[in-house]
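Counting convention: from 1, in listed order, for ligands and their atoms alike. Everything quoted here is computed from the prediction, not taken from an experiment. Worth knowing before you read on, the calculation uses all heavy atoms, side chains too, and leaves out hydrogens, waters and symmetry mates.
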Amino acid sequence: MKRTRKWIAGFIMLMAGACGGAGDDARPITGEVNVYSGRHYDSDIVLFDQFTEETGIRVNLIEAGGDALIERITQEAEASPADIFMTADAGILWRADQRDVFRMTDSEALEERVPAQYRHPDGKWFGLSKRARIIIYNGEMGLPEGLETYEDLADPAYRGMICVRSSSNIYNQSLLASIIAHDGAEEAEAWTKGVVDNFARKPQGNDTSQIEAVAAGLCRLGIVNSYYTARFKGADDPKAAAIGDKFELFFPNQNGRGAHVNISGAGVTKYAPNAENAEKLIAFLLRDESQAAFASGNNEYPVVPGVAPQGPIAAYADFKADELPASALGEHQAEAVGIFDRAGWP
Ligand code: FE
């Protein structure tokens with residue numbers, strides 16, 4: 001979710017467009033929009049600059065973790081300068097909505113661009129890009145026989161094979177939420193216990209750590225978000241590319257409901273001082289031309305139908321996706337956390 005960069009405690013404020021956008025040829029600055037973002041990609045800033053050049057609206061960007069930004073917006077309350085809250089994972093968007101961060105945005109222009117499953121039913125947030133949470137396997141050991149679904153991961157046949165990060169991570173909470181939605185809480189709990197029994201090691205590190213462990217043969221299987229694989233599969237750096245050669249991607253549930261898909265997304269905040277500009281920026285990010293760049297900045301898939309994915313992930317874009325609405329992931333989040341605790345998935 002984050003580019004590799006050491007974050008000093010606190011917040012970084014960038015004035016995207018303050019230099020480039022206000023150059024000799026650029027339109028004069030006529031307004032602004034304040035974006036609180038849990039995404040940290042240079043490609044986002046390039047798009048914000050383009051928006052400023054085109055509209056004269058300056059984008060002020062504050063970057064921090066999604067939960068930290070929710071806290072900040074909540075504390076700032078009516079005085080918050082935030083116009084847009086942007087983050088990865090529908091589970092975080094749901095948490096923000098629970099804290100009353102968003103307002104309802106009734107915009108046909110936005111609704112037309114984003115399929116219903118990837119936006120809030122009342123327009124509180126809109127998906128901007130997609131990612132899948134998939135299975136990877138060690139190339140030399142191969143995909144274990146019979147493994148087809150997330151559900152299969154709980155089968156005792158796969159004892160000692162699975163590497164996955166901690167359950168405190170939102171990606172796992174959203175994945176389990178999807179399993180609760182499809183299979184029911186009871187089956188989801190049995191599944192979780194089965195997966196814990198199949199751990200190759202105690203959960204540790206992030207998704208990148210799981211990829212490295214699978215590539216090194218420490219575990220045969222891993223559960224990771226799709227975009228992390230592209231950092232190795234498409235790497236210029238020979239060391240990363242060598243790791244990329246040692247694992248393969250597997251999209252589960254292709255003969256059933258499809259692979260679990262999540263989003264990066266954004267919504268207009270409740271007390272946005274520049275709500276109109278905020279809507280304009282979200283609309284800008286949903287244009288065909290912006291979509292490809294926004295998604296590929298993190299090797300994600302565009303959320304707007306018909307826009308082709310770019311970069312290394314394009315080779316892994318042809319799969320069946322679960323059609324569960326992204327809003328359902330939040331609805332089952334608390335239940336998922338309870339199940340993880342009882343199952344002993346740290
Ligand atoms: Fe991530």
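- For F51 and F284, the gap between ring centers is short of 6.0 Å.
- Residues R131 and Y171 have side chains in contact (heavy-atom distance under 4.5 Å, counting atoms from C-beta outward).
- Among the atoms of N225, no N, O or S atom falls under 2.8 Å of the Fe ion (ligand 1).
- The Fe ion (ligand 1) has an N, O or S atom of Y171 inside 2.8 Å of it.
- Distance check for N206 against the Fe ion (ligand 1): none of its N/O/S atoms falls below 2.8 Å.
- A centroid separation of less than 6.0 Å is found between the aromatic rings of F199 and W345.
- Considering the Fe ion (ligand 1) as centre, the angle to OH of Y227 and to OH of Y228 is 120° (10° rounding).
- The main-chain N or O of N277 is never found under 3.5 Å from a side-chain atom of N274 such that the two would form a donor-acceptor pair.
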